[in-house]
Amino acid sequence: MSAAPVLPQKPKGKRPIGWIIAAAVVVVAIVVAVVVAAVRSGGSDDAAAGGGADKTVTIGVADKSLGYWSTYTKLAKDELGVTVELTNFSDYSLPNPALKDGQLDINQFQHIQYLADYNVTSNDDLQPIGSTAVYPLPLYATEYDKTSELPADAKVAIPNDSINQARALLILQAAGLLELKDGGSAFSTATDIESSKVDVQPLDASQTANALQQGSVAAAVVNNNFATAAKLPTSDIIYQDDPSSASAAPYVNVFAVRDADKHNETYLDLAKLFQDTAVQEAFEKDLPEAVARDESASELQAELAKVEQDAKAAKQ
């Protein structure tokens with residue numbers, strides 16, 4: 001310890017005590033600052049070593065109540081040290097703007113075609129970083145067992161919205177029931193039909209099952225959620241698209257992020273975590289109709305770019 005400083009004469013006898021107290025306070029403050037800095041430094045090292053420890057990531061979904069998400073969020077915490085907070089959306093028009101505005105870190109509710117249409121329409125650049133599954137879109141009939149049994153000019157209902165109509169038309173084409181201009185695309189419409197063995201009837205997606213059950217059409221392409229609500233049996237499916245085919249590529253459901261985050265390692269790890277065996281088993285139990293797909297981020301982004309070109313051409 002250094003020698004005590006030379007102090008002025010002490011006519012009142014109290015000033016040295018004040019100096020000693022002041023010096024002690026300074027020393028204590030320095031020690032506290034050093035300790036705090038050390039703790040903070042150690043905490044940062046621990047977080048880095050944990051590969052994402054103590055991080056919270058918000059994911060927007062449309063099916064939060066399904067059990068596979070519990071398996072997923074627990075694994076994220078246990079394996080990656082990431083707390084996943086799920087935000088549920090019942091309106092499909094909301095998760096992408098919420099992601100764009102930073103209310104979400106990731107969303108998982110859409111397939112590539114939907115994402116491409118959103119990006120082109122909204123002049124945005126959200127990117128896929130991982131895949132989940134393809135949900136086959138079935139063609140149902142109650143009185144026929146296969147497409148070849150449908151009579152000539154039989155009425156066939158398809159969804160009339162831009163996202164599902166093109167896919168339904170591609171399904172009918174694959175089933176040999178019609179031909180589309182230039183082979184069709186993910187944005188084909190009924191006006192692109194060049195020849196057809198059936199009478200295609202575009203209807204609101206919520207009405208296709210009802211039209212079939214009432215007998216106003218011989219067959220109908222029905223989205224899975226409406227088929228479930230209408231209690232259409234799987235035995236009434238006479239055709240559906242092949243989830244492993246090239247034509248199904250635009251319908252792979254994905255984890256999406258902002259373009260600036262497409263190389264974020266934590267987000268990429270979370271997307272990859274969906275392929276964990278425990279998650280896949282729970283997912284299959286909840287959604288047996290889904291066909292799991294494991295695609296790399298680069299493959300998905302390349303497919304998105306291709307479908308975006310089709311979307312731009314369709315909107316010209």
Side-chain angles (χ1 to χ4, degrees), residues 48 50-52 55-63 68-69 71-73 75-77 79-87 89 92 95-135 163 186 243-280 282-284 287 290-312:
K55 290 185 179 179
T56 298
V57 175
T58 303
I59 303 179
V61 301
D63 57 356
Y68 74 90
W69 282 118
T71 303
Y72 177 86
T73 55
L75 271 178
K77 185 66 174 178
E79 301 293 332
L80 304 177
V82 177
T83 298
V84 171
E85 294 183 352
L86 299 175
T87 299
F89 294 87
Y92 282 6
N96 281 335
L99 178 59
K100 177 182 180 179
D101 294 341
Q103 300 172 42
L104 304 172
D105 299 308
I106 307 172
N107 69 35
Q108 195 287 298
F109 78 100
Q110 66 194 323
H111 50 50
I112 286 176
Q113 187 196 4
Y114 188 98
L115 178 56
D117 187 65
Y118 165 79
N119 276 348
V120 171
T121 302
S122 304
N123 193 28
D124 206 347
D125 57 357
L126 303 182
Q127 295 293 317
I129 59 168
S131 61
T132 60
V134 174
Y135 298 84
I163 299 301
S244 63
S245 68
S247 63
Y251 308 109
V252 175
N253 282 251
V254 297
F255 286 89
V257 299
R258 293 176 290 277
D259 182 69
D261 293 330
K262 66 184 179 184
H263 299 301
N264 183 298
E265 291 187 7
T266 298
Y267 297 170
L268 288 167
D269 287 344
L270 285 169
K272 188 64 178 177
L273 184 66
F274 191 85
Q275 304 301 329
D276 183 273
T277 301
V279 177
Q280 287 293 302
F283 181 72
E284 183 179 1
L287 297 166
V291 178
R293 291 282 290 260
D294 184 4
E295 310 285 347
S296 70
S298 60
E299 291 172 327
L300 296 170
Q301 289 159 20
E303 181 64 26
L304 175 66
K306 177 183 176 182
V307 179
E308 284 179 345
Q309 288 182 344
D310 291 339
K312 290 174 182 176

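As the structure is a prediction and not an experimental result, all values here were calculated from the model.
The two residues Pro243 and Val291 come nearest to each other via the heavy atoms CG-CG2, 3.5 Å. Closest approach of Gly60 to Phe89, counting heavy atoms only: CA-CE1, 3.9 Å. Nearest approach of Val134 to Ala248, heavy atoms of both residues: CG2-O, 4.3 Å. The shortest heavy-atom contact between Ala116 and Ala311 is O-CB, 4.5 Å.
The ring-ring contact (aromatic ring centres under 6.0 Å, His included) test applied to Phe109 returns Tyr92, Tyr114, not counting sequence neighbours. In this view, Tyr72 and Trp69 satisfy the ring-ring contact (aromatic ring centres under 6.0 Å, His included) rule, not counting sequence neighbours. Considering only residues two or more places apart in sequence or on other chains, Asp105 meets the salt bridge (Lys or Arg N to Asp or Glu O under 4.0 Å) condition with none of them. Taking the side-chain hydrogen bond (donor to acceptor under 3.5 Å, both in side chains) definition, one finds that Gln103 meets it with nothing, sequence neighbours left out. Contacts of Asp261 classified as salt bridge (Lys or Arg N to Asp or Glu O under 4.0 Å), with partners at least two apart in sequence or in another chain: Arg258. Qualifying salt bridge (Lys or Arg N to Asp or Glu O under 4.0 Å) partners for Asp259, counting only residues two or more places apart in sequence or in other chains: Lys262.
If you take CG on Leu268 and CD1 on Ile129, they are separated by 5.0 Å, rounding to the nearest 0.5 Å. A distance of 10.0 Å separates CG in Asp117 from CD in Glu308, rounded to the nearest 0.5 Å. Within the model, atoms OG of Ser131 and CD of Gln275 stand 5.0 Å from one another, a figure rounded to the nearest 0.5 Å. The structure places NZ of Lys306 at 10.5 Å from CD1 of Ile112, a figure rounded to the nearest 0.5 Å. Note that CD of Gln110 is 10.5 Å distant from OG1 of Thr132, once rounded to the nearest 0.5 Å. From Tyr251, atom OH reaches atom CD of Glu303 across 10.0 Å, with rounding to the nearest 0.5 Å.
Counting heavy atoms from C-beta outward, Leu304 and Leu115 have side chains that approach closer than 4.5 Å. Side chains of Leu126 and Val257 form no contact here, defined as non-hydrogen atoms less than 4.5 Å apart. At least one side-chain heavy atom of Thr83 sits less than 4.5 Å from a side-chain heavy atom of Lys77.
Side-chain contact of Tyr135 with Asn253: a donor-acceptor pair under 3.5 Å is absent, judged by distance alone. Remark: the Asn119 side chain and the Asp125 side chain contain no N/O donor-acceptor pair separated by less than 3.5 Å. Between Lys55 and Thr266, the side chains place a donor N or O and an acceptor N or O closer than 3.5 Å (distance only, hydrogens not considered). In this structure, a donor-acceptor pair under 3.5 Å is absent between the side chains of Ser298 and Gln301.
Between Phe283 and Phe274, the gap from one ring centroid to the other is short of 6.0 Å.
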Worksheet item: For Leu270 and Leu80, what are the C-alpha separation, side-chain angles and deciding distance, and is it a side-chain contact (heavy atoms from CB on, under 4.5 Å)?
Response: CA-CA 8 Å; Leu270 285 169; Leu80 304 177; 3.8 Å; yes

Worksheet item: Under the side-chain contact (heavy atoms from CB on, under 4.5 Å) criterion, do Val82 and Thr56 qualify, and how do the steps go?
Response: CA-CA 6 Å; Val82 177; Thr56 298; over 6 Å; no

Worksheet entry | Residue pair His111, Val252: steps toward the side-chain contact (heavy atoms from CB on, under 4.5 Å) verdict | CA-CA 5 Å; His111 50 50; Val252 175; 5.8 Å; no

Discussion item. Working note: Asp310 + Gln113, criterion side chain to side chain donor-acceptor pair (under 3.5 Å); need CA distance, chi angles, decisive distance, verdict.
Written reply: CA-CA 10 Å; Asp310 291 339; Gln113 187 196 4; over 6 Å; no

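Of the options Leu86, Leu99, Asn107, Thr73, a side chain to side chain contact (heavy atoms under 4.5 Å, CB included) to Ile59 is made by Leu86 and by none of the others.
The number of heavy atoms from other shown groups lying within 6.0 Å of CD (Gln280) is above 12.
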